[in-house]
Novice: 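Sharing a structure, written as structure tokens. Questions coming.
Each chain gets a letter, A, B and so on, in the order the sequences are listed, and its residues count up from 1. Just so it is clear, the structure is predicted and the values come from calculations on it, not from any experiment.
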Amino acid sequence: MFVRGLKRKCFDGEEDIEGTLAGIKAIPSYNLQRQSLLDMSLVKLQLCHMLVEPNLCRSVLIANTVRQIQEEMTQDGTWQMINTQSTGQASLDRLVSTDILCRSSREQAEEKLVPNYGTFNKDFEGDQGQDSSETMSTASSVQAPRNLQGSVWEMENPQENKGNFQKSLDQIFETLENKSPNSVEDLFSEVDNSYYDLDTMLTGMMSNTKMGHCDGLETFSSPTSTASNSNCKSDLNELDHIVEILVES
Amino acid sequence: FVAGFGSLMQDVLWCFSQVKGTIDIGVTEADIISTVEFNHTGELLATGDKGGRVVIFQREQESKNQPHRRGEYNVYSTFQSHEPEFDYLKSLEIEEKINKIRWLPQQNAAYFLLSTNDKTVKLWKVSERDKRPEGYNLKDEDGRLRDPSMITMLRVPVLRPMDLMVEATPRRVFANAHTYHINSISVNSDYETYMSADDLRINLWNFEITNQSFNIVDIKPANMEELTEVITAAEFHPHHCNTFVYSSSKGTIRLCDMRTAALCDRHAKFFEEPEDPSNRSFFSEIISSISDVKFSHSGRYIMTRDYLTVKVWDLNMENRPIETYQVHDYLRSKLCSLYENDCIFDKFECVWNGSDSVIMTGSYNNFFRMFDRNTKRDVTLEASRENSKPRAILKPRKVCVGGKRRKDEISVDSLDFSKKILHTAWHPSENIIAVAATNNLYIFQDKVN
């Protein structure tokens with residue numbers, strides 16, 4: 001399950017912090033991991049599965065986790081810290097941590113043991129899809145007082161608030177695309193291809209016209225092609241059509 | 001109740017009996033089994049799959065010629081219960097996956113079961129036809145009409161035996177009552193009503209009436225932004241037709257009495273275990289979410305399954321369970337990864353044996369676990385093709401947590417998390433269990449002495 005040599009620190013409960021020195025070093029690591037968890041959770045909530053209604057239980061649990069993290073970060077004062085910092089150290093840290101998570105899970109995907117369960121497989125295939133308008137409003141109210149995350153799916157303060165978080169998402173997509181086409185396909189080979197072709201998935205995310213909260217993801221439109229319908233069911237042709245109209249307008 | 005059979009773990013040796021399903025490496029998604037249920041006598045075993053099909057197996061009569069075969073289960077009926085649908089208003093697909101099957105007690109020659117997908121519950125009648133009428137006057141044997149002027153004498157049609165035909169017909173369709181996804185159905189002990197539960201609401205139905213249902217629980221907040229808890233499972237008390245329980249994503253169980261009010265918003269009892277502060281993490285709530293709740297056959301206890309444990313609660317004690325069993329505690333340090341790959345959201349079910357002395361639940365790597373409540377012994381077994389020789393005794397499996405791994409043990413990091421046993425069933429009175437491993441159904445029996 002784990003790639004050998006990659007030390008993963010799960011910050012569940014009472015992990016030992018051996019010694020003061022290690023303890024001091026562990027604290028930023030804890031913050032880093034907590035931030036990664038936050039980012040990961042937001043990604044899980046973000047990615048819209050376009051065809052099947054999302055699993056409400058899963059969405060609620062993830063949203064509650066996000067809320068917990070934010071509460072703790074507010075108490076810590078780290079929330080303020082991240083808010084005030086520009087796209088500098090903090091966001092870089094976050095990028096790094098996210099990338100580590102991403103990389104190791106991709107490597108997991110290539111290991112024989114859990115081929116279906118790399119992060120991206122699950123997130124992109126969206127078998128437990130994310131979006132319902134109600135779930136989104138749940139999450140958005142949680143984040144209403146928190147400018148940073150809140151507007152990932154609200155357009156109120158688009159630019160600066162999207163910046164940090166979207167950098168993390170950009171990182172995810174970028175690292176995906178930097179891979180050769182074959183490996184990307186390998187990533188998805190175990191998944192039911194008719195639904196979960198990468199192009200289709202990204203197209204679907206944008207074409208979810210009923211949800212304003214997916215607007216935040218529109219900036220991802222450039223790397224995708226809306227052309228590949230070959231793997232889609234005929235129903236998706238309608239969605240593609242709608243996307244074309246939206247993109248042109 | 002039946003006592004003494006197989007209640008001591010050391011007396012029971014589980015043997016492979018049968019496996020249903022293909023051996024192909026690539027699994028068709030539609031063939032993945034999504035629910036398993038014995039009927040009240042154990043004569044029938046039903047499975048539902050992601051493709052919306054129901055397959056019913058029937059136990060063959062035990063024959064003196066082959067005593068060791070102990071009644072094998074063979075296919076009795078197969079039918080398409082639910083089809084995929086498209087909700088045009090929401091632009092969303094409604095999956096045909098069968099979430100649950102529940103049998104009605106048998107009242108005549110036919111069998112009745114309820115099957116449900118995310119939105120619609122159906123009552124199916126499964127009946128046998130082994131005779132057909134022959135000798136009509138106005139039709140010939142092929143059904144063609146005869147020329148009346150050619151008929152010179154009258155005869156009385158007689159029933160003649162024919163090859164057994166098993167027909168499944170949908171008798172009732174209970175639709176349009178659930179906005180959210182149905183996770184449970186439960187037949188009431190009055191055999192006249194049943195309930196269906198989705199994420200936020202529970203409805204009570206009369207079997208005869210399909211165009212209306214009563215809403216008995218509604219936890220939808222006025223403002224959906226305040227939603228923090230959902231219903232995860234619900235079940236009627238086996239004997240008291242006014243009592244039912246439902247579990248939540250926050251690890252709580254509420255027992256409700258339908259006599260107190262039409263809308264059972266106030267619980268009669270509230271079961272929750274105080275959180276252990278030493279184990280607190282960001283994943284605490286997620287792993288406390290209850291994936292299944294089952295009354296014991298006696299009706300005195302309820303069993304709940306959360307991500308890492310199975311708990312037995314006494315109905316008379318609300319503040320903590322009377323028993324807690326660790327299913328796979330070695331996963332506690334891996335929760336971060338399991339959250340990442342979504343395995344932490346897997347919903348495992350749990351079952352009682354007929355005498356309520358042993359409980360069973362599934363795990364990963366096609367392992368499943370049994371806990372004997374009396375002896376406190378537990379065992380881990382595996383459903384795999386390697387152990388599939390007829391009447392082969394299943395060898396207990398062990399997961400090693402760090403340190404030296406013994407020869408037969410498997411390390412946590414080698415577990416296959418795509419092989420999960422979510423659905424199992426226990427025969428109502430005998431030591432026969434059905435274990436669903438992705439697209440295969442394994443049937444195990446205890447060793448015949």
Novice: State the CZ-OG1 distance between B:Phe283 and A:Thr65, to the nearest 0.5 angstrom.
Specialist: 7.5 Å
Novice: Please state whether the side chain, the backbone, both or neither of B:Thr232 comes within less than 4.5 Å of a heavy atom of chain A.
Specialist: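 Side chain only.
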Novice: Looking only at non-hydrogen atoms, find the nearest pair between A:Arg34 and B:Phe282 and report the distance.
Specialist: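 Shortest heavy-atom contact: CD-CZ, 3.6 Å.
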Novice: Can you tell me how far the SG atom of A:Cys57 sits from the CG atom of B:Leu200, to the nearest 0.5 Å?
Specialist: 10.5 Å
Novice: Rounded to the nearest 0.5 Å, how far does CG of A:Leu37 lie from SG of B:Cys336?
Specialist: 6.0 Å
Novice: Need one label for B:Lys347: side chain, backbone, both or neither, based on atoms under 4.5 Å from any heavy atom in chain A.
Specialist: side chain
Novice: For residues 283-292 of chain B, which residue pairs pass the salt bridge (charged side-chain N to carboxylate O under 4.0 Å, His left out) check, not counting sequence neighbours?
Specialist: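 Those involving residues 283-292 of chain B are B:Asp292-B:Lys294.
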Novice: As an exercise, state the distance from CD of B:Glu229 to CG of A:Asn64, rounded to the nearest 0.5 Å.
Specialist: 9.0 Å
Novice: Just so I know, are the side chains of A:Leu56 and B:Leu227 near enough to count as touching, which here means a heavy-atom distance under 4.5 Å?
Specialist: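 Heavy-atom side-chain distance check passes, below 4.5 Å.
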Novice: Take atom NZ of B:Lys250 as the centre, draw a 6.0 Å sphere, and report whether it contains more than 12 heavy atoms from other residues, nucleotides or ligands.
Specialist: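 Yes, because the 6.0 Å sphere around NZ of B:Lys250 holds more than 12 heavy atoms from other groups.
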Novice: If you measure from CZ on B:Phe345 to CG on A:Asn55, what distance do you get to the nearest 0.5 Å?
Specialist: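 Answer rounded to 0.5 Å: 8.5 Å.
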Novice: Please report the shortest heavy-atom distance between A:Leu61 and B:Ser249, naming the atom on each side.
Specialist: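 So the two residues come closest at CD2-O, 3.8 Å.
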Novice: So for atom CG, which belongs to B:Asp87, do other residues, nucleotides or ligands contribute more than 12 heavy atoms lying within a distance under 6.0 Å?
Specialist: yes
Novice: Hey, what do you get for CZ (B:Arg280) to CD (A:Gln68), rounding to the nearest 0.5 Å?
Specialist: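 Nearest 0.5 Å value for the CZ-CD distance: 4.5 Å.
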